[in-house]
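Remarks on the structure that follows.
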Amino acid sequence: MCIGVLSALISCSSSEKTKESGKQESSSDTSSEKASGPAEGDWLIYHLSAEPATLNPITATDAYEGIVNGGNVYETLLKRDNKTLELIPLLAESWTISDDKLTYTFKLRQGVKWQDGVPFTADDIVFSYKTIMNPKVDAPQLRSYYQEIKDVVALDDHTVRFTYARPYFLALEFCGGIPIVPKHIFEKGDFNTNPAGRAPVGTGPYKFVKWTTGREIVLEKNNDYWGKKPHINRIVFRIITDPSVALQVLKRQELDVAGLTPIQWERQTSSPEFEKNFDKFSYYTPNYSYIGWNSARPFFADKRVRKAMTYLVNRELILEKIMFDLGTVVTNPFYINSPEYDKDIKPIPYNPEEAKKLLDEAGWIDHDGDGIRDKDGVKFSFEFLIPGGSETGEKIATILKEELDKIGIDMTIRKTEWAVFTQRLSERNFDAVTLAWSMGVESDPYQIWSSTQITSGSNFVGFNNAEADKLINQARQEFDRQKRIELYRKFSEIVNDEQPYTFLFCRKATVAVAKRFANVTVYPLGVDPLEWYVPIPLQKYTE
């Protein structure tokens, strides 16, 4: 899928100690064990830095639901191959596409069952699509990507056909990646509050065991899984919102996998003891972090003010002091390593004097001499919202506050827990926010940047530009990638001129993995724990 998902501003760094892409095997992986195949058993204790709002894949909007569910509990028709990134069969065994690119027909695998034993059929897919499109269902972000579909029909129990009203260049990916939930469970009662949102039932290699609020979510191997079963018996997602606490738990070897903040990566995980127990991996994934300015607020309605705010964000200093000079400053809303990213757009430099000129020009001047700029009786005093546990976000906010204090702008930093944070975004109840978007291999900016998504989609900042809308819609129907790139370049120039975001960085994922796990491979989009195993002598947990 290439839906943008919210992720907290947490970590991004690399160092000379980074393990490059490739296979990392335990030294205890003896030749006899290799001959008999990977060992079965043990648990994986995985750090989750925030609690998901729900485990319902249709109504979820944050990255944490996907970490728990994605590929573990719920599955899709197709998936990306780890190595090639090509779309390959999963719940669908094959598919055909009509010459006019309007009809996509999938043949489903036979013998697949939901984890409660009920057969999986094409009716589940039709139900999931109709649910997504139901305006009463809390899925506006997802709905925006399926609105061009005219119909979804079950031709028989194992054949489903998607028909589009007009061509869409990501149609195969979105049909193949549609979240699929069991009709027999979710058709009862209110979909948004269905108990399965806290106790999912999927078709995947792991099944749900329990969710202890504020503490952990537990999955166990699905012994009736239709496909190749994983080697690890149980995955425990430990919820620890404080990164410092998480690091201490990791060092006590009570976590097996954890993301590291930049300072943890660079300075706090290099001891001989840590390196004896853990490997560290660093890799790029499609993402960018940003500061979003809510244009519905009087301070940020004027693009001159938004540009002034970008002049006041010392990204090079942040890169050096917080990111240890190992991030990459970005300027437009595409993955920096993709051809869609416009490298000709250069970062707006840190320049407080230029910022002052723009603020003065926009009428934000200290009229009453109290040290705070104002306009039409409104003080330039705003709240900067960050998710709790975002160490990097807090440091960025602190640096920005110091800059704003110098030029007469009052900024208050407000930290909230993740559930409250996402609710305030959905309600547009914020002035400014720092966050990150995770993207797919190819991006469609519609969900985040179309003016149609201001009210209930992911266009939280209220970006509204008719020419940008036109370019986004043209690109959605353009199958020639080079022509699509040209449209996106024009779109990126508009975004750069309007500055609805101050774009920050594309950052590496920085992850620690316990050394007892074997077959840990870093692929273009990260690691895949479904491939891991623990040699018998190194196993720690039993049922």
Side-chain angles (χ1 to χ4, degrees), residues 1-8 43-80 82 90-91 112-116 120 124-125 127-129 131-132 137-139 141-142 145 173-174 176-183 185-186 191-213 215-222 224-227 229-230 232 234-239 257 259 285 418-419 422 438 440 525-532:
M1 298 290 286
C2 54
I3 293 172
V5 292
L6 299 178
S7 57
W43 298 3
L44 172 64
I45 315 298
Y46 194 111
H47 173 225
L48 209 58
S49 58
E51 189 156 22
T54 179
L55 291 179
N56 181 332
I58 287 178
T59 59
T61 59
D62 59 57
Y64 303 106
E65 175 274 334
I67 292 171
V68 176
N69 272 334
N72 293 323
V73 179
Y74 286 112
E75 295 179 305
T76 49
L77 295 173
L78 309 178
K79 70 173 184 176
R80 292 272 181 190
N82 282 332
L90 191 56
L91 290 176
V112 176
K113 294 182 179 180
W114 294 102
Q115 290 159 353
D116 60 0
F120 163 71
D124 295 304
I125 300 166
F127 170 79
S128 298
Y129 164 74
T131 298
I132 290 168
V137 171
D138 294 336
Q141 292 88 352
L142 196 56
Y145 282 98
E173 180 164 0
F174 277 96
I178 188 171
I180 306 168
V181 296
K183 176 183 177 181
I185 290 176
F186 278 97
F191 183 87
N192 296 320
T193 59
N194 191 293
R198 290 207 38 113
V201 176
T203 60
Y206 286 95
K207 57 185 180 181
F208 175 83
V209 176
K210 65 177 180 178
W211 180 352
T212 305
T213 301
R215 185 179 173 189
E216 65 182 17
I217 298 171
V218 180
L219 309 179
E220 67 180 11
K221 186 190 297 188
N222 177 13
D224 297 320
Y225 181 52
W226 62 267
K229 297 178 181 63
I232 306 298
R234 180 169 286 212
I235 305 176
V236 179
F237 296 92
R238 291 278 307 278
I239 302 164
V257 178
T285 60
W418 185 249
T422 55
S438 296
L525 295 182
V527 295
D528 185 358
L530 290 175
E531 299 178 344
W532 301 358

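Since the model is a prediction, treat every value here as computed from it, not as a measurement. In what follows, every heavy atom counts, from backbone to side chain, and hydrogens, waters and symmetry copies are set aside. In this chain, numbering begins with 1 at the start of the sequence shown.
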What class does the angle between the rings of Phe191 and Phe186 fall in, given that below 30° is parallel, 30 to 60° is tilted and above 60° is perpendicular?
tilted

Just by modelled atom types, is the Val181 backbone N or O under 3.5 Å from a matching donor or acceptor in the Ser128 side chain?
yes

Checking side-chain contact (heavy atoms from CB on, under 4.5 Å) for the pair Leu90/Leu78: CA distance, chi angles, key distance, verdict?
CA-CA 5 Å; Leu90 191 56; Leu78 309 178; 5.7 Å; no

Looking at every heavy atom in both Leu530 and Gly71, which two are closest together, and how far apart are they?
CD1-O, 3.6 Å

Would you name the heavy atoms of Arg238 and Ile45 that are closest together and state the gap between them?
CG-CG2, 3.5 Å

Does any N or O in the side chain of Lys221 come within less than 3.5 Å of the main-chain N or O of Pro230, such that one atom is a donor and the other an acceptor?
yes

So Ile178 and Ile132, do their side chains get closer than 4.5 Å, heavy atoms only?
yes

Does Asn82 form a side-chain contact (heavy atoms from CB on, under 4.5 Å) with Leu525? I'd like the steps, not just the answer.
CA-CA 7 Å; Asn82 282 332; Leu525 295 182; over 6 Å; no

Please list, chain by chain and in numerical order, all residues satisfying ring pair (Phe, Tyr, Trp, His ring centres under 6.0 Å) with Phe127, sequence neighbours excluded.
none

Report yes if some heavy atom in the side chain of Glu51 is under 4.5 Å from a heavy atom in the side chain of Ile239; otherwise report no.
yes

Going by the rule side-chain contact (heavy atoms from CB on, under 4.5 Å), which residues pair with Thr193 if we only count those two or more places apart in sequence or in a different chain?
Asp190

Give the intermediate values and the outcome of side-chain contact (heavy atoms from CB on, under 4.5 Å) for residues Ile185 and Trp114.
CA-CA 10 Å; Ile185 290 176; Trp114 294 102; over 6 Å; no

Applying side-chain hydrogen bond (donor to acceptor under 3.5 Å, both in side chains), can you list everything that pairs with Asn192, at least two apart in sequence or on another chain?
none

With sequence neighbours left out, write down each residue that passes ring pair (Phe, Tyr, Trp, His ring centres under 6.0 Å) with Phe237, or none if nothing qualifies.
Tyr46

Among all residues two or more places apart in sequence or in another chain, which pass the side-chain contact (heavy atoms from CB on, under 4.5 Å) test with Ala139?
Ile58, Val137, Leu142, Arg143

For Lys113, salt bridge (Lys or Arg N to Asp or Glu O under 4.0 Å) partners two or more places apart
none

So which atom in Gly259 and which in His47 form the shortest heavy-atom distance, rounded to 0.1 Å?
N-ND1, 4.5 Å

Just so I know, are the side chains of Leu48 and Ile67 near enough to count as touching, which here means a heavy-atom distance under 4.5 Å?
yes

Residues in side-chain hydrogen bond (donor to acceptor under 3.5 Å, both in side chains) with Asn72, at least two apart?
none

So Glu216 and Trp211, side chain to side chain donor-acceptor pair (under 3.5 Å) or not? Walk me through it.
CA-CA 6 Å; Glu216 65 182 17; Trp211 180 352; over 6 Å; no

Run the salt bridge (Lys or Arg N to Asp or Glu O under 4.0 Å) test against Glu531 and tell me which residues pass, sequence neighbours left out.
none

Where Thr61 and Gln141 come nearest, the two heavy atoms and their spacing
CG2-OE1, 3.6 Å

pair Leu77-Ile180: side-chain heavy atoms closer than 4.5 Å:
yes

Tell me every residue that passes side-chain contact (heavy atoms from CB on, under 4.5 Å) with Ala53, counting only those two or more places apart in sequence or in another chain.
Asp62

Less than 3.5 Å apart, which donor and acceptor atoms pair up between the side chains of residues 198-208 and the rest of the protein, not counting sequence neighbours?
from, atom 1, to, atom 2, distance (Å)
Arg198, NH2, Thr213, OG1, 2.8
Thr203, OG1, Glu75, OE1, 2.8
Tyr206, OH, Ile232, O, 2.7

Apply side-chain hydrogen bond (donor to acceptor under 3.5 Å, both in side chains) to Asn56 and list each qualifying residue two or more places apart in sequence or on a separate chain.
none

Sub-4.5 Å side-chain heavy-atom contact between Glu220 and Arg234:
yes

OH on Tyr74 to CD on Gln115, rounded to 0.5 Å
8.5 Å

Decide yes or no for Val257 and Leu44: does some side-chain heavy atom of the first lie under 4.5 Å from some side-chain heavy atom of the second?
yes

Given the side-chain rings of Trp418 and Tyr64, with only the six-membered ring counted for Trp, is the space between their centroids under 6.0 Å?
yes

Side chain to side chain, Ile235 and Val68, heavy atoms closer than 4.5 Å
no

